[in-house]
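Since this is a predicted model, take the numbers as computed values, not measurements.
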Amino acid sequence: KKKTIAVIEIDGVISASSKKSAIASKGFSLGKTLEFLSDIEDEKQALDGIMLRMNTPGGTAGASEELARAIERVKEARNVSVVASIADVCCSGGYMIAVVADKIFANRQSLTGSIGTILQVPNYQELAEKIGVKTLTFKSGKMKDIGNPMRDMTEDEQAFLNEIARQGHKLFRDFVKSHRPAIQNEEDMMDGRPVDALTAKENGLTVAFGTYLDAYAAMRELAGIGKHAPVKELRIKEDKGIVQRLLGTIAFPNVVDAIEELSLSGRMFKS
């Protein structure tokens, strides 16, 4: 009987936003990934393991947690092993997702960690004063226009937002510790800093150095799949953009990529 492994690629910024280039097809889709996980959670679908290919700097807290818990739910419901492979980077929300895996492999020159939360609020008050711009704000509560970039924050507002960041960090840390209780130098490893692959391995954030193929071999072993046994892979179906649909069969991939990059940067089809 052929074994079945689900391969999930998390590439790019993690966000709940569904905005996407109409021309290109690149970009991580939370909605499609959650739908895919829902399908493989169904007992009717054969499943023997999950491979995570991670290449992400992180993303929004809510979307990262939602995806991490969805993978966790499938893992527990189907009683399967999960293995993660880090390509270039797997930080912040990406690491929150990766810790669900039983084993995390990383290339020697990859970055990971960055276990922390951040809120940034711009302030244009001085600039507005220089160019003569004023705003009038009408609000029903003292915190209703918190983060208004046209004025300085009050001490109460700063304390309030700082508490939100602190609580988010605590939730992040608790989630990581529930899956990686043996992490060493916890205060340093969980203060928001990204770490190199060697530091990550020495402190228990990952388990081994290795490429995607090494991680895949570990996945096969955990799933009880022989070295030469056939494997069926389940992957998320990607919608091709207009450029790929028109040129994908006649153009070299690097040409298609170049055109898509132009379109994404706003330099294409401008009058």
Side-chain angles (χ1 to χ4, degrees), residues 6-38 50-72 82 84-101 104-107 109-122 147 161 164-165 168-169 171-173 175-176 190-197 200 205-206 212 215 235-244 256-268:
V7 180
I8 301 174
E9 295 185 30
I10 301 175
D11 187 7
V13 177
I14 302 164
S15 170
S17 173
S18 60
K19 291 181 180 179
K20 198 174 182 180
S21 168
I23 298 171
S25 65
K26 293 181 179 180
F28 170 76
S29 172
L30 177 66
K32 282 190 175 184
T33 307
L34 292 175
E35 184 179 352
F36 177 75
L37 287 166
S38 178
I50 299 175
M51 268 296 305
L52 301 178
R53 178 58 164 172
M54 309 296 301
N55 194 43
T56 171
T60 60
S64 300
E65 181 184 3
E66 187 174 11
L67 184 51
R69 294 194 182 279
I71 295 172
E72 182 181 48
V82 179
S85 167
I86 298 175
D88 293 320
V89 61
C90 178
C91 288
S92 196
Y95 187 71
M96 174 182 274
I97 295 165
V99 295
V100 176
I104 303 175
F105 286 75
N107 291 313
Q109 296 193 59
S110 63
L111 289 175
T112 189
S114 191
I115 303 169
T117 54
I118 183 172
L119 285 170
Q120 290 181 313
V121 181
L161 291 180
I164 289 178
H169 189 201
L171 290 171
F172 194 169
R173 289 178 60 150
F175 188 81
V176 170
M190 297 194 186
D191 69 355
R193 72 182 70 187
V195 295
D196 60 89
L205 275 71
T206 61
Y212 176 79
R235 292 177 179 266
I236 299 171
K237 185 178 180 181
E238 293 186 5
D239 293 331
K240 291 186 177 181
I242 293 173
V243 171
Q244 285 184 318
V256 176
D257 288 344
I259 295 174
E260 290 184 343
E261 290 301 329
L262 283 172
S263 68
L264 287 172
S265 64
R267 296 194 297 271
M268 192 174 185

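- Considering all non-hydrogen atoms of both residues, Arg235 and Glu9 come closest at NH1-OE2, 3.0 Å.
- With rounding to the nearest 0.5 angstrom, the CD atom of Glu72 is 12.0 Å from the CD1 atom of Ile97.
- With hydrogens and angles disregarded, no donor-acceptor distance shorter than 3.5 Å links the side chain of His169 to the backbone of Ile118.
- Although no hydrogens or angles enter the test, the distance criterion places no donor-acceptor pair under 3.5 Å between the side chain of Ser114 and the main chain of Arg193.
- Checking side-chain atoms of Asp88 against main-chain N and O of Leu111 turns up no donor-acceptor pair under 3.5 Å.
- In this structure, Ala215 and Met51 approach most closely via the heavy-atom pair O-SD, 3.8 Å.
- Atom CD of Gln120 and atom CG of Leu161 lie 12.5 Å apart (nearest 0.5 Å).
- No donor-acceptor pair closer than 3.5 Å links the side chain of Asn55 to the backbone N or O of Asp11.
- Counting heavy atoms from C-beta on, the side chains of Leu34 and Leu67 come closer than 4.5 Å.
- Counting only distance, with no hydrogens or angles, the side chain of Thr206 and the backbone of Ile104 share no donor-acceptor pair below 3.5 Å.
- Residues Leu37 and Ile8 have side chains in contact (heavy-atom distance under 4.5 Å, counting atoms from C-beta outward).
- Put simply, CD1 on Ile71 and CE on Met96 are 12.0 Å apart, with the number rounded to the nearest 0.5 Å.
- To the nearest 0.5 Å, the span separating OH on Tyr212 from CZ on Arg53 amounts to 7.5 Å.
- Taking CD1 from Ile14 and OG1 from Thr56, the interatomic distance works out to 4.0 Å, rounded to the nearest 0.5 Å.
- Under a 3.5 Å cut-off, the side chain of Thr112 and the backbone N or O of Cys90 do form a donor-acceptor pair.
- Taking every heavy atom of both residues into account, Thr60 and Ala16 meet most closely at OG1-N, 4.3 Å.
- Closest approach of Leu30 and Ala63 over heavy atoms only: CD2-CB, 3.8 Å.
- Counting heavy atoms from C-beta on, the side chains of Phe175 and Ile115 never come closer than 4.5 Å.
- Here the closest non-hydrogen pair linking Ser92 and Pro57 is CB-O, 3.8 Å.
- You'll find the side chain of Tyr95 stays beyond 4.5 Å of the side chain of Val195, heavy atoms only.
- Between the CG atom in Leu119 and the CD1 atom in Ile164 there is a gap of 6.5 Å [rounded to 0.5 Å].
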